[in-house]
Amino acid sequence: MRKKKKSNDYSSMRCPYCGSTVVYRSAKGIYSKRYEKAMLYVCSKYPECDAYVKCHPGTRIPMGQLADKKLRTLRQQAHKSFNRLFESGLMSRKCAYEWLSETIMLPQGWTHIGELGEYYCNEVIRESENYYQRIMKEHRIGA
Ligand SMILES: [Zn+2]
């Protein structure tokens, strides 16, 4: 008998890397002690397949697709490049996010870098670096 598919049933999700089923569990043993209470969807082949995704706090809704180490590193890099735009004081955080969604044409609501896939992460890094260099240059000329 085939199970009825429910679109909001995330436990029927598959790992995008190896196709295995995913397990809903705490982050114990994956995150550091401080964050081990977070809930995750983890590839059932973990740790051979190092793919998982965090849930929105207090829900069973995953923050996007499962990510492997490569994608997680890429997301960190994207955050770093992008955050520099407002952390450096060159623009406000709000402006930076508006600029980002216009520049890489993110679908509305996709404002969390933590949910982006490889393609969008690379775009964020490339565009943020370019933009930062451009503003810095203008500042130098204006000074
Ligand atoms: Zn997997």
Side-chain angles (χ1 to χ4, degrees), residues 1-140:
M1 202 182 93
R2 275 182 64 157
K3 263 203 234 164
K4 246 193 187 170
K5 264 196 183 164
K6 277 188 261 162
S7 58
N8 59 350
D9 184 8
Y10 295 104
S11 58
S12 64
M13 251 190 326
R14 293 277 177 162
C15 170
Y17 300 97
C18 71
S20 300
T21 52
V22 297
V23 184
Y24 177 73
R25 50 164 280 193
S26 80
K28 205 170 176 181
I30 297 179
Y31 284 7
S32 61
K33 251 196 145 43
R34 218 178 128 195
Y35 301 107
E36 68 179 19
K37 285 209 177 92
M39 293 308 289
L40 310 174
Y41 285 99
V42 183
C43 175
S44 57
K45 289 255 168 71
Y46 183 87
E48 293 108 86
C49 177
D50 177 29
Y52 52 82
V53 65
K54 202 161 66 173
C55 291
H56 288 282
T59 75
R60 289 179 78 128
I61 302 165
M63 291 185 167
Q65 287 224 322
L66 278 78
D68 65 357
K69 189 153 176 57
K70 189 181 162 209
L71 180 55
R72 291 197 301 271
T73 309
L74 207 56
R75 282 173 180 168
Q76 278 168 15
Q77 179 64 50
H79 256 131
K80 218 173 120 193
S81 298
F82 173 67
N83 286 3
R84 189 166 67 165
L85 294 177
F86 57 86
E87 279 169 358
S88 59
L90 289 172
M91 66 205 299
S92 73
R93 194 187 166 94
K94 192 172 166 274
C95 284
Y97 273 98
E98 279 168 8
W99 167 82
L100 182 69
S101 56
E102 277 169 29
T103 305
I104 65 171
M105 302 222 261
L106 276 182
Q108 249 192 344
W110 282 27
T111 45
H112 296 286
I113 289 170
E115 297 178 24
L116 300 180
E118 254 179 70
Y119 167 75
Y120 279 117
C121 281
N122 281 317
E123 288 290 284
V124 171
I125 295 166
R126 194 169 53 93
E127 293 293 344
S128 298
E129 293 295 324
N130 285 347
Y131 194 49
Y132 184 78
Q133 296 307 330
R134 213 164 66 220
I135 305 177
M136 288 311 280
K137 213 168 145 191
E138 279 167 20
H139 269 242
R140 245 173 270 135

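FYI, side chains are in, hydrogens and waters are out, and symmetry mates aren't considered; it's all heavy atoms of this structure.
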Between Ser26 and Lys37, is there a donor-acceptor pair closer than 3.5 Å when you use the side chain of the first and the backbone of the second? no
Has Arg93 got a side-chain atom pairing as donor or acceptor with Phe86's backbone, closer than 3.5 angstrom?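 Looks like no, no N/O pair under 3.5 Å.
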Taking atom [atom1] of [X] and atom [atom2] of [Y], what is their separation to the nearest 0.5 Å?
X      : Y      : atom1 : atom2 : value
Arg75  : Phe82  : CZ    : CZ    : 15.5 Å
Glu138 : Gln133 : CD    : CD    : 12.0 Å
Tyr119 : Ile104 : OH    : CD1   : 8.0 Å
Arg134 : Glu129 : CZ    : CD    : 13.0 Å
Leu100 : Glu98  : CG    : CD    : 11.0 Å

Within the structure provided, determine whether [X] and [Y] are in side-chain contact (heavy-atom separation under 4.5 Å).
X      : Y      : value
Cys43  : Leu66  : yes
Pro57  : Met63  : yes
Val22  : Val53  : no
Tyr120 : Ile113 : no

Under the side chain to side chain donor-acceptor pair (under 3.5 Å) test, which residues partner [X], sequence neighbours left out?
X     : result
Ser92 : none
Ser88 : none
Tyr17 : Asp68

Considering all heavy atoms of both residues, which atom of [X] and which atom of [Y] are nearest to each other, and what is their separation?
X      : Y      : value
Arg84  : Tyr132 : NH2-CD2, 3.1 Å
Cys121 : Ala78  : O-CB, 4.0 Å
Glu115 : His56  : OE2-CE1, 3.7 Å
Ile135 : Leu90  : CG2-CD2, 3.8 Å
Ala51  : Arg72  : CA-NH1, 4.4 Å
Val124 : Leu116 : CG2-CD1, 3.9 Å

Checking Glu48 against Lys45 for the salt bridge (charged side-chain N to carboxylate O under 4.0 Å, His left out) test, could you report, in this order, the C-alpha distance in whole Å, the side-chain angles of both residues, the deciding distance, and whether it holds? CA-CA 6 Å; Glu48 293 108 86; Lys45 289 255 168 71; over 6 Å; no
Answer yes or no on whether Arg60 is positioned over the face of Tyr24, meaning its NZ or CZ is under 6.0 Å from the six-membered ring centre and within 45° of the axis.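 Output yes; distance and angle both within limits.
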